[in-house]
Amino acid sequence: MFHCAGCNAPLFASDAKFESGTGWPSFTKPFIPGIITTVKDHSFGMDRDEVLCSRCGAHLGHVFDDGPAPTGLRYCLNGVALKFEERP
């Protein structure tokens, strides 16, 4: 399980992780609906959807619509914003 490094909220399960070829940890879906928030990000001359932790507001990365099935989404996250914990 991948948790928010800021508040320890459970964000993404390992079974949603995939190799995107980008060098960033990538996931197809959040662990729990509503555990993340997306906002429009127009920084650096780009139009992107920023991903935030819904609990503490920490910046996690961005989500794109070029991911694999079944969601077609690629949550492209900053590894420093996540901490990995094995499920009991």
Side-chain angles (χ1 to χ4, degrees):
M1 179 66 61
F2 291 84
H3 294 256
C4 176
C7 72
N8 206 38
L11 301 176
F12 295 90
S14 294
D15 59 4
K17 191 172 189 296
F18 71 98
E19 178 54 56
S20 66
T22 63
W24 299 90
S26 297
F27 300 85
T28 57
K29 65 181 180 179
F31 178 59
I32 302 167
I35 198 68
I36 59 137
T37 303
T38 59
V39 296
K40 293 295 180 187
D41 176 5
H42 304 289
S43 63
F44 303 107
M46 294 183 271
D47 291 324
R48 302 178 289 178
D49 292 316
E50 181 180 12
V51 178
L52 307 170
C53 174
S54 291
R55 185 184 290 171
C56 72
H59 169 82
L60 303 172
H62 294 87
V63 61
F64 302 95
D65 62 1
D66 61 357
T71 65
L73 298 175
R74 174 175 53 97
Y75 289 88
C76 187
L77 305 179
N78 185 333
V80 176
L82 303 173
K83 68 178 185 177
F84 177 76
E85 293 182 11
E86 289 190 41
R87 293 185 197 177

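These numbers come from the heavy atoms of this one structure, side chains and all, not from hydrogens, waters or symmetry mates.
With hydrophobic clusters built from ILVMFWY side chains whose heavy atoms lie under 4.5 angstrom apart, Ile32 shares a cluster with Val63.
Under the 4.5 Å side-chain criterion, counting only non-hydrogen atoms from C-beta, Leu52 is not in contact with Ile36.
Using a distance-only test at 3.5 Å, with no hydrogens or angles considered, no donor-acceptor pair links the side chain of Thr28 to the main chain of Thr71. Thr37 places no side-chain N or O within 3.5 Å of a backbone atom of Ile35 that could act as its donor or acceptor partner.
The distance from the OG atom of Ser54 to the CG atom of Leu60 is 9.0 Å, given to the nearest 0.5 Å.
For residues 9-21, there are no salt bridge (Lys or Arg N to Asp or Glu O under 4.0 Å) pairs, not counting sequence neighbours. Screening residues 59-82 for salt bridge (Lys or Arg N to Asp or Glu O under 4.0 Å) gives Asp66-Arg74 as the qualifying pairs, with residues at least two apart or on separate chains. Within the structure, the ring-ring contact (aromatic ring centres under 6.0 Å, His included) test picks out the following pairs touching residues 26-57 (sequence neighbours left out): Phe2-Phe27, Phe12-Phe27. Listed by first then second residue, pairs satisfying salt bridge (Lys or Arg N to Asp or Glu O under 4.0 Å) with a partner in residues 4-14 number zero, not counting sequence neighbours. Pairs of residues two or more places apart, or lying in two chains, that qualify as salt bridge (Lys or Arg N to Asp or Glu O under 4.0 Å) and include a residue from residues 48-63 are Lys40-Asp49, Asp41-Arg48.
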Using distance only, find each side-chain donor-acceptor pair of residues 76-86 under 3.5 Å and give its atom names and separation, not counting sequence neighbours.
unit_1	atom_1	unit_2	atom_2	d
Asn78	OD1	Val80	N	2.9
Lys83	NZ	Asn8	OD1	3.1

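Using cut-offs of 30° and 60° on the angle between ring planes, the pair His59 and His62 is perpendicular.
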